[in-house]
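To start, the structure itself, in structure tokens.
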Amino acid sequence: MAEEKKSLNFIEQITEEDLASGKHKEIHTRFPPEPNGYLHIGHSKSIILNFELAKKYNGKTNLRFDDTNPSKEEKEYVESISKDIEWLGYEWEGNIRFASDYFEQLYQWAQYIIKKGLAYVDDQTAEEITATRGMPKEPGKESPYRNRSVEENLDLFERMKNGEYKTGKKVLRAKIGMSSPNMNMRDPIMYRILHAEHHRTGNDWCIYPMYDFTHGQSDYLEQITHSICTLEFENHRPLYDWFLDQLHEEGKIRPRQIEFARLNLSFTVMSKRKLAELVENGTVTGWDDPRMPTISGLRRRGYTPESLKTFADKIGVAKRNNVIDIGLLEHSLRDDLNKKVNRVMTVVDPIKVVITNYPEGQKEEYLEAVNNPEDENAGTRMVPFSKELYIERGDFMEEPVKKFFRLSPGKEVRLRYAYFIKCTGVEKNASGEITEIHCTYDPASKGGKSPDGRKVKGTLHWVSKPHAVNVEIRQYDRLFEDPAPDGHKNRDFKDYLNPDSLSINKGAKAEPMVKESKEEDRLQFERKGYYCVDRESTKENIIFNKTVGLRDSWKKKVHEIRHRRKREEKERQRRLQSERAKRENEKKNKK
RNA sequence: UGACCGAUUGUGUAAUGGUAGCACGACAGGUUUUGAUCCUGUUAGUCAAGGUUCGAAUCCUUGUCGGUCAGCCA
């Protein structure tokens, strides 16, 4: 098989150059989440990028929790994040790492930098430090404590560590300069005092290193070659490099920070804060609500790890800001599910059909149905048929619109894998609603094959009424009605919530085999979409989540027809009005 | 009137001085016992203006637009 030649993204290009030049013998990446929330699909881009890059070039990937802020981080998140990464199918190198594993080393490095005369303890308040940092266009002011002696700094830093000062009373700052055009370089804070319990180190420490003084050194300690992060850290790279300049030793790998554009998806929000808001105010049922773009939400919705990987591959990696069409994600999902998932017939919105010429009391009849036309190995199953059936309410129209080739009075259609049936009439209740449809069947068309070569346009899915299993279906629509809910000035993203993002249908009818399905099992309901068993499902109450619908060009056409009709109606009204006006004008003129 | 980064069909993403390609979407057609899948075709793009060059999406200059940065968050 000829290997398809695929162009490399810019990170792969850098990697290949580093390997070719001998700069690195082997590459080593890392995924460094802060354990302060749940992972979302944006993180999955980063996870896949890091793990797949290493896999491609026979390297390794670490999992490291960036836990330098004790007040925000919890064990619960360490667990959920690890689980999500495993679900995606990745194995990190060695044990899970924690930045907190390096607190002692970082402390010693801080002392070393003080001794070099490149760090000082600052007694200014947070407000003073902010005020003297200056503006992007104006340089800041030097701290009055900036020129303390090495001995004094060393002593004060040790006292900070020993808990002699209250939270926020002192900080350790790097002595770089106050006039850099890059705000991150204006004597950045390396350590702050925080009397708070850490999820791993407990009360061992009351000083905690800042991100900038932690990340690069953690990469260095783990001998990471390529430290991949998102674009907003671009302005931090000079500082990342500055600390490594002070600490890097000859012969050791010096990690390189590379930034890429984070993922943005249309019709959703991705920020932790906003997602948390939806959870807290009850808009969704939790972090794993199937409408959430979290990995746990996508998992519960029925997404496959494979579909997330092909999606990540399709969107590519670059440095320009992007908004990816949610349709591309859905395409990747359908593409994967189509190949893997077995078909079954389920009537989501049922209406009763009676086959009037089907022999009364005929013994049970079973028909053979293909499990997956895309996969020969999936085999077949037997589906029960009887005199009374359910079909989809939307598959019948008493007065059909143009090009409707489903069931309507006098028309013949195929019941998939069963028989040709012809509608002979309907029964209605007092308010005129159709309660059942009467049909005749052609016994010669068993299996759905035309006996005499005659063709039907429509093939419908159906379920035998006496054999039907009642199931609950939870259908999800996009959470927001706007393609960029958080992209509007002066408007809250919640203003764009879709009020109909969840609809629960408790009366769907499925063929008997669905009774065998277990949590997270996936099925295609023929002609409807892909569904999976929810974790709240029980034997008595089987619950399916709708993962994604099938592409539906008919629905689109119906929309178009409706639109066109509306437009034509408006046009007609306008014409009538202008004619009327004309006539009146003429009358006036005559007078 | 700061620094850094970016700008290619509707959306993503390639082309690394030499034919602007691919995917999704949209549109049209074919196959079809899922109006699905599959197949074929069509559509549409280099932010602008100058310059260098035989040749520029690519290099240079200027401008325009967008993003990031003023946490003791990451």
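Quick note on labels: first sequence line is chain A, next is B, and so on, each numbered from 1. Computed from a predicted model, the values in this text were never measured in an experiment.
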Look at all strands and tell whether [X] reaches a base, only sugar-phosphate, or nothing, counting heavy atoms closer than 4.0 Å.
{"X": "A:Gln524", "value": "base"}
{"X": "A:Lys339", "value": "nothing"}
{"X": "A:Val370", "value": "nothing"}
{"X": "A:Arg343", "value": "base"}

**Request:** Quick one: do A:Ile129 and A:Arg173 satisfy side chain to side chain contact (heavy atoms under 4.5 Å, CB included)? Show the steps, please.
**Result:** CA-CA 11 Å; A:Ile129 288 177; A:Arg173 298 178 78 177; 4.0 Å; yes
Check the distance between [N]'s [atom2] and [X]'s [atom1] and give it to me in whole angstrom.
{"X": "A:Asn338", "N": "B:G35", "atom1": "CG", "atom2": "P", "answer": "14 Å"}
{"X": "A:Tyr417", "N": "B:U34", "atom1": "OH", "atom2": "C1'", "answer": "8 Å"}
{"X": "A:Lys557", "N": "B:C27", "atom1": "NZ", "atom2": "C1'", "answer": "11 Å"}
{"X": "A:Gln257", "N": "B:C4", "atom1": "CD", "atom2": "C1'", "answer": "12 Å"}

**Message:** Among B:G2, B:U34, B:A14, which nucleotide has an atom closest to any side-chain atom of A:Asn9?
**Reply:**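 Among B:G2, B:U34, B:A14, the one nearest the side chain of A:Asn9 is B:A14.
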**Prompt:** Between B:G35, B:A14, B:U34, which nucleotide has the shortest distance from any of its atoms to the side chain of A:Phe405?
**Reply:**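 Closest nucleotide to the A:Phe405 side chain: B:G35.
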**Request:** Kindly say whether A:Asp122 contributes a backbone atom to a donor-acceptor pair with the side chain of A:Arg146 at under 3.5 angstrom?
**Result:**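 A pair under 3.5 Å: no.
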**Request:** Please work out the stems of RNA chain B from pairs that are Watson-Crick or G-U wobble with both distances under 3.5 Å, keeping only runs of three or more consecutive pairs.
**Result:**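 Correct response: B:2-7 with B:64-69, B:10-13 with B:21-24, B:25-30 with B:38-43, B:47-51 with B:59-63.
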**Message:** So if I apply the side-chain contact (heavy atoms from CB on, under 4.5 Å) rule between A:Leu460 and each of A:Ile391, A:Val347, A:Val353, which one comes out positive?
**Reply:**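 Per the side-chain contact (heavy atoms from CB on, under 4.5 Å) rule, the option paired with A:Leu460 is A:Ile391, out of A:Ile391, A:Val347, A:Val353.
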**Complete:** The single option from A:Arg256, A:Arg30, A:Glu259 that satisfies side-chain contact (heavy atoms from CB on, under 4.5 Å) with A:Ser227 is A:Arg30
**Request:** Flag the pair A:Asp442 and A:Lys422 as a salt bridge only when some basic side-chain nitrogen lies within less than 4.0 angstrom of an acidic carboxylate oxygen.
**Result:**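 No salt bridge links A:Asp442 with A:Lys422.
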**Asked** Less than 4.0 Å between a side-chain N and a carboxylate O, is that true for A:Asp335 and A:Lys339?
**Response** yes
Using the 3.5 Å cut-off, write out each protein N or O paired with an N or O of nucleotides 23-26 of chain B and the distance between them.
from  : atom 1 : to       : atom 2 : distance (Å)
B:A26 : OP1    : A:Lys556 : NZ     : 2.9

**Prompt:** Within a radius of less than 6.0 Å around NZ of A:Lys319, do more than 12 heavy atoms belonging to other residues, nucleotides or ligands occur?
**Reply:**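 Yes, the 6.0 Å shell around NZ holds more than 12 heavy atoms from other groups.
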**Prompt:** Taking protein heavy atoms under 4.0 Å as touching, what does nucleotides 63-74 of chain B look like 5' to 3' if B marks base contact, S marks sugar-phosphate-only contact and - marks none?
**Reply:** ----SBSBSBBB
